[in-house]
Amino acid sequence: MSAQVGGTPEIHSVGIIGAGQMGNGIAHVSALAGLTVAMVDISEAALAKAVETIARNMERQIGRKLITAEQRDAALALITTSTDYASFAQTDLVIEAATERETVKHEIFKKLCPHLKPGAMVASNTSSISITRLGASTDRPERFIGMHFMNPVPVMKLVEIIRGIATDEATYVAVEALARRLGKITATAQDFPGFIVNRILVPMINEAAYALYEGVGDIRSIDTAMKLGTNQPMGPLELADFIGLDTCLAIMQVIHGGMSDSKYRPCPLLVKYVEAGWLGRKTGKGFYDYAQDPPVPTR
Ligand code: NAD
């Protein structure tokens with residue numbers, strides 16, 4: 001059910017499409033904030049894994065005395081999973097967090113929209129794809145917005161909010177208020193490729209891959225140099241493994257295409273890692289091999 005306060009729709013329930021690393025994080029923080037959460041994925045296995053991951057991450061938060069066992073139980077009880085968009089019939093806001101491929105997202109919105117109630121809002125957690133273009137593929141571009149969470153969602157404070165050209169003020173206000181309710185701080189970006197965070201971050205990761213490709217430094221040297229030389233908690237290659245190399249490449253391709261500027265061309269070595277299926281932590285191997293503890297560089 002959604003209530004109207006001063007013309008701004010309030011959000012009591014969220015739907016999440018895509019139960020991967022971002023989807024499960026968004027479900028985690030939403031349920032802890034008391035929202036009902038319906039998760040949909042094409043993969044039953046991904047849904048089961050997401051619920052397990054959420055429970056494990058909440059257990060860790062209990063261990064750190066950030067939440068109580070009662071809060072965990074109440075939150076887990078608010079989460080349901082399904083492979084059917086019909087579970088979004090009463091949802092106030094659906095947040096799409098599926099694979100970073102524009103055709104996949106367009107296909108999702110085409111299937112999703114007929115299931116939504118008229119006032120429902122739709123957000124995409126896309127890292128780089130045009131919010132205006134995604135919104136135009138729905139029946140409600142004025143109630144479509146970018147809600148870009150950072151990874152890992154329960155830990156990272158920022159939500160970047162991106163207004164498409166058609167996004168209306170009520171949607172912006174409602175989604176910004178929701179982000180704050182989830183305990184986040186927001187930054188607002190205009191709808192240009194990569195928005196703010198990835199326009200700056202992913203070209204840096206791509207440049208680190210070039211430095212490796214050209215032999216400027218090896219994996220450890222590049223990460224150590226950037227960690228200790230620029231005071232970053234993770235080196236760029238370690239961070240790329242954490243984000244997912246497929247996601248990094250997809251973002252770079254969007255920025256390259258969207259800006260039509262060769263300075264953003266994806267590094268061939270990054271492409272090769274993705275072709276090998278070495279996507280980072282999620283596949284056990286990327287710039288580092290996670291089968292060993294501590295992880296060892298793959299070059
Ligand atoms: P992921 O690969 O971990 O998960 C993607 C999930 O989407 C998978 O479970 C997959 O089964 C599901 N999926 C694919 N096609 C689907 C469909 N048609 N319908 C329903 N589910 C479908 O990816 P992720 O890292 O969670 O990224 C998801 C989104 O979040 C992407 O748009 C990405 O750009 C964005 N994002 C990622 C990060 C990051 O650090 N990984 C940070 C911010 C935003």
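Fair warning: this is a prediction, and the values are worked out from it, not measured in the lab. Nothing fancy with the numbering, it's 1 onward along the sequence. Remember, it's 1-based here, ligands and their atoms both numbered in the order they're listed.
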Enquirer: Going hydrophobic residue to hydrophobic residue with side-chain gaps under 4.5 angstrom, can you get from M234 over to M226?
Expert: yes

Enquirer: Examine the side chains of E160 and T186 and answer whether a donor and an acceptor come within less than 3.5 Å of each other.
Expert: no

Enquirer: State, with a plain yes or no, whether a side-chain heavy atom of E100 is found less than 4.5 Å away from one of I129.
Expert: yes

Enquirer: Can you find an N/O atom of N151 closer than 3.5 Å to an N/O atom of ligand 1?
Expert: yes

Enquirer: For residues I161 and M22: do they belong to one hydrophobic cluster (side chain heavy atoms under 4.5 Å, members Ile, Leu, Val, Met, Phe, Trp, Tyr)?
Expert: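 Both belong to a single hydrophobic cluster.
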
Enquirer: Please could you name the atoms of ligand 1 that K105 approaches to less than 4.0 Å, counting only its heavy atoms?
Expert: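 By the 4.0 Å cutoff, the relevant atoms are 31 (C), 32 (O).
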
Enquirer: Show the nearest heavy-atom pair for residues D191 and G164, with the distance to one decimal.
Expert: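 Minimum heavy-atom separation between D191 and G164: OD2-CA, 4.2 Å.
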
Enquirer: Check for me whether A97 has a heavy atom closer than 4.0 Å to any atom of ligand 1.
Expert: yes

Enquirer: Would you indicate whether the side-chain heavy atoms of K285 and T298 approach each other to under 4.5 Å?
Expert: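 T298 reaches K285 side chain to side chain.
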
Enquirer: Out of T283, T99, I95, whose heavy atom sits nearest atom 13 (N) of ligand 1?
Expert: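 Of the listed residues, T99 has the closest heavy atom.
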
Enquirer: To the nearest 0.5 Å, what is the distance between CG on N206 and CE on M252?
Expert: 4.0 Å

Enquirer: Using a plain distance cutoff, I'd like to know if E96 has any nitrogen or oxygen under 3.5 Å from a nitrogen or oxygen of ligand 1.
Expert: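 Between E96 and ligand 1 (N or O atoms, distance only) the closest approach is not under 3.5 Å.
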
Enquirer: Give me the residue, atom name and distance of the protein heavy atom closest to atom 30 (O) of ligand 1.
Expert: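 Protein heavy atom with the smallest distance to atom 30 (O) of ligand 1: N125 ND2, 2.9 Å.
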
Enquirer: Which atoms of ligand 1 sit under 4.0 Å from any heavy atom of A46?
Expert: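 Counting atoms of ligand 1 from 1, those under 4.0 Å from A46 are 9 (O).
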
Enquirer: Of all the heavy-atom pairs spanning I243 and N151, show the shortest one and how long it is.
Expert: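 In this case the closest contact between I243 and N151 is CA-ND2, 4.4 Å.
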
Enquirer: Find all atoms of ligand 1 within a distance of less than 4.0 Å from any non-hydrogen atom belonging to I17, and give their numbers and elements.
Expert: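 With I17 as reference, the close atoms of ligand 1 come out as 20 (C).
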
Enquirer: Closer than 4.0 Å to some heavy atom of Y85 - which atoms of ligand 1 meet that?
Expert: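 The list of qualifying atoms is 19 (N).
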
Enquirer: Is there at least one pair of N or O atoms, one from V40 and one from ligand 1, spaced under 3.5 Å apart?
Expert: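 No.
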
Enquirer: Can you find an N or O of G23 that's nearer than 3.5 Å to an N or O of ligand 1?
Expert: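 G23 vs ligand 1: no N/O contact under 3.5 Å.
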
Enquirer: Within the structure, does E100 bring an N/O atom to less than 3.5 angstrom of an N/O atom in ligand 1?
Expert: yes

Enquirer: Could you check if a side-chain atom of T68 sits within less than 4.5 angstrom of a side-chain atom of I62, using non-hydrogen atoms only?
Expert: no

Enquirer: Could you tell me which atoms of ligand 1, counted from 1 in the order shown, lie closer than 4.0 angstrom to a heavy atom of I108?
Expert: 17 (C), 18 (N), 19 (N)

Enquirer: Heavy-atom contacts under 4.0 Å between F149 and ligand 1: side chain, backbone, both, or neither?
Expert: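 For F149, only backbone atoms sit under 4.0 Å from ligand 1.
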
Enquirer: What residue and atom, counting heavy atoms only, is the protein's closest point to atom 23 (O) of ligand 1, and at what distance?
Expert: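 The closest heavy atom on the protein side is K282 NZ, 4.3 Å.
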
Enquirer: Note the single closest protein heavy atom to atom 8 (C) of ligand 1, along with its residue, its atom name and the distance in Å.
Expert: D41 OD2, 3.5 Å

Enquirer: Return the closest protein heavy atom for atom 3 (O) of ligand 1 as residue, atom name and distance.
Expert: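 Of the protein heavy atoms, Q21 N, 3.1 Å lies nearest.
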
Enquirer: Just let me know how I251 lines up against ligand 1, side chain, backbone, both or neither, with a heavy-atom cut-off below 4.0 Å.
Expert: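 Looking at I251 and ligand 1, no heavy atom falls under 4.0 Å.
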
Enquirer: Looking only at protein heavy atoms, identify the closest one to atom 27 (O) of ligand 1 and say how far it is in Å.
Expert: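 For this ligand atom, the closest protein heavy atom is M22 CG, 3.8 Å.
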
Enquirer: Tell me whether F242 is reachable from V153 by hopping between hydrophobic residues (I, L, V, M, F, W, Y) whose side-chain heavy atoms are closer than 4.5 Å.
Expert: no

Enquirer: Counting C-beta onward and ignoring hydrogens, is there a side-chain heavy-atom pair between P193 and Y264 closer than 4.5 Å?
Expert: no

Enquirer: Answer side chain, backbone, both or neither: which part of V104 comes under 4.0 Å from ligand 1, heavy atoms only.
Expert: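 The answer is the side chain.
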
Enquirer: Charged N to carboxylate O under 4.0 angstrom, R163 versus E169?
Expert: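 Salt bridge: yes.
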
Enquirer: Which residue and atom name correspond to the protein heavy atom nearest atom 29 (C) of ligand 1, and how close is it?
Expert: A98 O, 3.2 Å

Enquirer: Looking only at distances, please establish whether an N/O atom of ligand 1 is found under 3.5 Å from an N/O atom of S43.
Expert: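 Such a contact does not occur with ligand 1.
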
Enquirer: Using distance alone, determine whether T126 and ligand 1 share an N or O pair under 3.5 Å.
Expert: no

Enquirer: Please classify the M150 to ligand 1 contact at 4.0 Å (heavy-atom distances, strictly less than): side chain, backbone, both or neither.
Expert: neither

Enquirer: Does the distance from a Lys or Arg side-chain N to an Asp or Glu carboxylate O, for D246 and K282, drop under 4.0 Å?
Expert: yes

Enquirer: Looking only at heavy atoms, what is the nearest atom pair of I11 and L35, with distance?
Expert: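 That closest heavy-atom pairing would be O-CD2, 3.3 Å.
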
Enquirer: Which residue and non-hydrogen atom of the protein lie closest to atom 4 (O) of ligand 1, and at what distance in Å?
Expert: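 It is G20 CA, 3.2 Å.
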
Enquirer: Same cluster or not: are V122 and V14 linked, directly or through other Ile, Leu, Val, Met, Phe, Trp or Tyr residues, by side-chain heavy atoms under 4.5 angstrom apart?
Expert: no

Enquirer: For atom 15 (N) of ligand 1, find the nearest protein heavy atom and state the residue, atom name and distance (0.1 Å precision).
Expert: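 Looking at atom 15 (N) of ligand 1, the protein heavy atom closest to it is I42 CD1, 3.5 Å.
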
Enquirer: Give the numbers and elements of all ligand 1 atoms closer than 4.0 Å to a heavy atom of T247.
Expert: 34 (O)

Enquirer: Name all residues meeting the side-chain hydrogen bond (donor to acceptor under 3.5 Å, both in side chains) criterion together with S137; count only those two or more places apart in sequence or in a different chain, and write none if there are none.
Expert: H106

Enquirer: Output yes when D92 and K117 qualify as a salt bridge under the 4.0 Å nitrogen-oxygen rule, no when they do not.
Expert: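 Yes, charged N to carboxylate O under 4.0 Å.
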
Enquirer: Backbone, side chain, both or neither: what part of S127 comes under 4.0 angstrom of ligand 1, heavy atoms only?
Expert: both

Enquirer: With heavy atoms under 4.0 Å as the rule, classify the contact between H148 and ligand 1 as side chain, backbone, both or neither.
Expert: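 For H148, only side-chain atoms sit under 4.0 Å from ligand 1.
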
